[in-house]
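Encoded as structure tokens, the structure appears first; notes follow it.
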Amino acid sequence: LHATRVTAMGQMSSAIAHELNQPLSAILAYAGAMQRLIESDDPPIADIREALGHTARDAARAGNIIRRLRGFVEKREPNRSMEQIAPMIADAISLASPGLASEGVRASVTVAPDLAPLFIDKVQIQQVLVNLIRNALEAMSEAEQPELKISVERDGENYVLVSVADNGQGIADEIAQQLFQPFATTKEQGMGMGLNICRTIIEAHEGRIWAEPGAPSVSGQRGAVFRFRLPL
Ligand code: ADP
């Protein structure tokens, strides 16, 4: 029991660090910029005001993340109910990237008709979707025509299969074997916890998660497909 609790705490603190990294780096960058602006001979008030606005917004975001994560820890037992997964996808896309369309990313969602609801912890599965979508978007940051394809379909008698495909840089060889291990990352700012948390959640739901190279595309980029399946 103790070992389980220690593992859960380790995962929790890594998750917090992972989530907070981005707003904190942004706050640091804005603070540095403001310091430089104030030191100048004629400090540009408008720019400083704007940077302060961004700082406040990122600080609020960090606060929200902590509140959300706190809710996540307090709810120690998974809170499962019968849920349709399809409506959760649009929410996950906007959570992962509010400005998706304006960033030139084409997103398509295909959902098989008449899928039965799943017995899941909605918040946790939402977190898996957000993580996978965020990773896909990050992998496509250099892509000329970034395209995100999400599908939900029946997988045999007993499963539902969710796929998140991108046409980004593809999975780097050096990490392919450790994708789901904690702290495995190829990103400078990465924590390498996202996929590990995804796997923990999916396995707690008696499911399985894995990655595949994408189909070859005209642009030559194969991208990656992350899939998970959950029992009906
Ligand atoms: P992080 O995003 O902090 O690096 P993750 O556990 O979410 O942590 O991802 C681990 C690594 O898996 C990433 O650093 C990246 O190398 C690889 N990866 C994840 N998703 C994709 C993707 N869609 N395309 C290519 N590589 C990916």
Side-chain angles (χ1 to χ4, degrees), residues 7-8 10-26 28 58 61-62 65-66 68-69 72 89 92-93 95-97 100 103-110 123-152 161-205 207-217 219-229:
T7 314
Q11 279 179 353
M12 205 55 233
S13 39
S14 306
I16 294 169
H18 174 73
E19 292 283 319
L20 287 181
N21 217 15
Q22 214 188 341
L24 288 180
S25 313
L28 200 61
D58 277 317
R61 209 170 111 207
I65 289 168
I66 291 183
R68 189 155 49 79
L69 285 169
F72 193 67
I89 292 178
I93 293 178
L95 274 172
S97 168
L100 190 79
E103 284 160 28
V105 179
R106 278 180 37 190
S108 64
V109 180
T110 317
V123 175
Q124 291 189 343
I125 298 299
Q126 189 75 275
Q127 192 184 3
V128 171
L129 288 166
V130 170
N131 270 332
L132 296 182
I133 294 167
R134 249 192 227 160
N135 276 344
L137 294 176
E138 283 171 10
M140 297 191 294
S141 59
E142 314 266 287
E144 266 175 40
Q145 288 179 309
E147 211 173 335
L148 176 71
K149 287 186 184 165
I150 303 178
S151 65
V152 187
L161 177 70
V162 180
S163 308
V164 178
D166 64 66
N167 62 348
Q169 66 205 8
I171 296 161
D173 286 342
E174 71 261 27
I175 203 163
Q177 302 303 317
Q178 294 107 44
L179 279 180
F180 295 91
Q181 300 294 325
F183 308 115
T185 182
T186 54
K187 299 171 194 168
E188 218 163 283
Q189 306 276 335
M191 275 286 298
M193 282 312 297
L195 288 176
N196 182 255
I197 293 166
C198 289
R199 188 177 63 178
T200 305
I201 292 173
I202 296 297
E203 289 181 352
H205 283 78
R208 195 165 84 78
I209 183 166
W210 69 99
E212 296 167 8
S217 69
S219 65
Q221 291 283 36
R222 297 189 63 134
V225 192
F226 281 77
R227 301 185 199 275
F228 63 86
R229 54 178 224 184

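Counting starts at 1 for both ligands and their atoms, following the listed order.
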(message) How far is atom 6 (O) of ligand 1 from the closest protein heavy atom, and which atom is that?
(response) Leu195 N, 2.8 Å

(request) Quick one: look at Phe180 and ligand 1, take heavy-atom pairs under 4.0 Å, and tell me if it's side chain, backbone, both or neither. (result) neither

(message) To check you understand the geometry: which heavy-atom pair defines the closest contact between Trp210 and Arg229, and what is its length?
(response) CZ3-CG, 3.9 Å

(request) Examine Gly192 against ligand 1 and note whether any of their N/O atoms are separated by less than 3.5 Å. (result) yes

(message) Any nitrogen or oxygen of Ile175 lying under 3.5 Å from a nitrogen or oxygen in ligand 1? Just yes or no.
(response) no

(request) With heavy atoms only and a cut-off of under 4.0 Å, state how Ala184 meets ligand 1: side chain, backbone, both or neither. (result) backbone

(request) Taking the side chain as every heavy atom from C-beta outward, state whether Ile171 and Phe226 have any pair of such atoms under 4.5 Å apart. (result) yes

(request) Name the closest protein heavy atom to atom 25 (C) of ligand 1, giving the residue it belongs to and the distance to 0.1 Å. (result) Gly170 O, 3.3 Å

(request) Taking only heavy atoms of Ala224 into account, list the atoms of ligand 1 that are under 4.0 Å away from them. (result) 24 (N)

(message) Please state which option from Leu148, Leu132, Leu179 has its nearest heavy atom closest to atom 12 (O) of ligand 1.
(response) Leu179

(request) For Met191 and Thr185, run side-chain contact (heavy atoms from CB on, under 4.5 Å): C-alpha distance rounded to whole Å, both residues' side-chain angles, the deciding distance at 0.1 Å, then the answer. (result) CA-CA 6 Å; Met191 275 286 298; Thr185 182; over 6 Å; no

(request) Check each atom of ligand 1 against the heavy atoms of Gly190 and keep those under 4.0 Å away; list them by number with element. (result) 3 (O)

(message) My understanding is that we take every heavy atom of each candidate and find the minimum distance to atom 7 (O) of ligand 1. Doing that for Ile171, Asn135, Val225, which one comes out nearest?
(response) Asn135

(request) Say whether Thr186, considering both its backbone and side-chain N or O atoms, lies within less than 3.5 Å of an N or O atom on ligand 1. (result) yes

(request) Give a yes/no on ligand 1: does Met191 have at least one heavy atom closer than 4.0 angstrom to it? (result) yes

(message) Treating Asn196 as the side-chain partner and Phe180 as the backbone partner, does any N or O pair qualify as donor plus acceptor under 3.5 Å?
(response) yes

(request) Flag the pair Ile125 / Ile201 as yes when at least one side-chain heavy-atom distance between them is below 4.5 Å, and no otherwise. (result) yes

(request) Starting from atom 2 (O) of ligand 1, find the nearest protein heavy-atom neighbour and note its residue, name and distance. (result) Lys187 NZ, 2.7 Å

(request) Using distance alone, decide if ligand 1 has a nitrogen or oxygen within less than 3.5 Å of any nitrogen or oxygen in Thr185. (result) yes

(request) Spell out, as yes or no, whether a donor-acceptor pair under 3.5 Å connects the side chain of Asp166 to the backbone of Ala224. (result) yes

(request) Of the side chain and backbone of Asp166, name the one, both, or neither that has a heavy atom under 4.0 Å from an atom of ligand 1. (result) side chain

(message) For atom 21 (C) of ligand 1, what's the nearest protein heavy-atom neighbour? Residue, atom name and distance, please.
(response) Phe226 CE1, 3.6 Å

(request) Could you tell me whether the side chain of Val109 reaches within less than 4.5 Å of the side chain of Ile93, counting heavy atoms only? (result) yes

(request) Please verify whether a non-hydrogen atom of Gly168 lies at under 4.0 Å from ligand 1. (result) no

(message) List ligand 1 atoms under 4.0 Å from Ala136, heavy atoms only on the residue side.
(response) 23 (N)

(request) Name the closest protein heavy atom to atom 24 (N) of ligand 1, giving the residue it belongs to and the distance to 0.1 Å. (result) Ala139 CB, 3.4 Å

